[in-house]
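Report on the structure given below.
This one's a predicted model, so the numbers in the text were calculated from it and none came from an experiment.
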Amino acid sequence: MGKGMRAGKKPKTGGGGNMQKQLQQMQAMQRQMEMMQAEIEEKEITTTSGGGAVSVTVNGKKEITNLTIDKEVVDPDDVEMLQDLIVAAVNEGMRQMEELSSEEMGKITGGLNIPGLV
């Protein structure tokens with residue numbers, strides 16, 4: 001006899017109905033997540049740096065859709081400052097979009113940390 005088995009006892013069978021129900025719930029959650037991802041991809045966030053001198057719009061696909069630079073901030077003798085302002089605005093836009101995506105998906109997953117979700 002196998003370990004943990006006693007004479008006259010049948011091994012427990014894994015409640016098939018419960019497993020089927022869990023599978024259906026997971027499939028429903030997956031459909032909700034796909035719909036939410038499509039909604040997130042349509043959203044846009046605009047961030048600025050340098051007191052509004054540089055403005056960047058990022059969409060839910062984490063693509064830059066618009067970049068605006070105030071003419072007054074363009075100084076050929078200080079290109080590094082302009083580069084820093086652009087990097088700061090882009091990074092903040094990406095950070096905010098990531099945060100938005102995580103919050104929206106968290107509503108569906110109930111806070112489960114699922115790798116590669118967003």
Which atom pairs, one a donor and one an acceptor, fall under 3.5 Å between side chains of residues 69-84 and the rest of the protein, sequence neighbours left out?
from  : atom 1 : to    : atom 2 : distance (Å)
Asp70 : OD1    : Glu72 : N      : 3.1
Asp75 : OD1    : Asp77 : N      : 2.9
Asp78 : OD1    : Met81 : N      : 3.4

Under 3.5 Å, which donor-acceptor pairs do the side chains of residues 87-96 form with other protein atoms, sequence neighbours left out?
from  : atom 1 : to    : atom 2 : distance (Å)
Asn91 : ND2    : Val87 : O      : 3.4
Glu92 : OE1    : Arg95 : NE     : 3.1
Glu92 : OE2    : Arg95 : NH2    : 2.7
Glu92 : OE2    : Gln96 : NE2    : 2.7
Arg95 : NH1    : Glu99 : OE1    : 2.9

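Annotation: side chain of Met19 is in contact with side chain of Gln22 (closest heavy-atom distance under 4.5 Å). Considering only heavy atoms from C-beta on, Glu104 comes within 4.5 Å of Lys107 through its side chain. Inter-residue side-chain proximity for Thr47 and Val58 is flagged as unmet; no heavy-atom pair is nearer than 4.5 Å. Annotation: side chain of Met97 is not in contact with side chain of Lys61 (no heavy-atom distance under 4.5 Å).
One hydrophobic cluster holds both Leu85 and Leu67 under the rule that ILVMFWY side chains link at heavy-atom gaps under 4.5 Å.
Rounded to the nearest 0.5 Å, atoms CD1 (Ile40) and CD (Glu42) are 11.0 Å apart. Atom CE of Met36 and atom OG of Ser101 lie 10.0 Å apart (nearest 0.5 Å). If you take CD on Glu41 and NZ on Lys62, they are separated by 9.5 Å, rounding to the nearest 0.5 Å. Taken from OG1 in Thr65 to CD in Glu44, the straight-line distance is 4.0 Å, to the nearest 0.5 Å. Distance CD1/Ile108 to CE/Met35: 8.0 Å, rounded to 0.5 Å.
Side-chain contact, Thr57 with Thr46: a donor N or O sits under 3.5 Å from an acceptor N or O.
Judged as a side-chain contact (heavy atoms from CB on, under 4.5 Å), and not counting sequence neighbours, the contacts of Gln27 are Leu23, Arg31.
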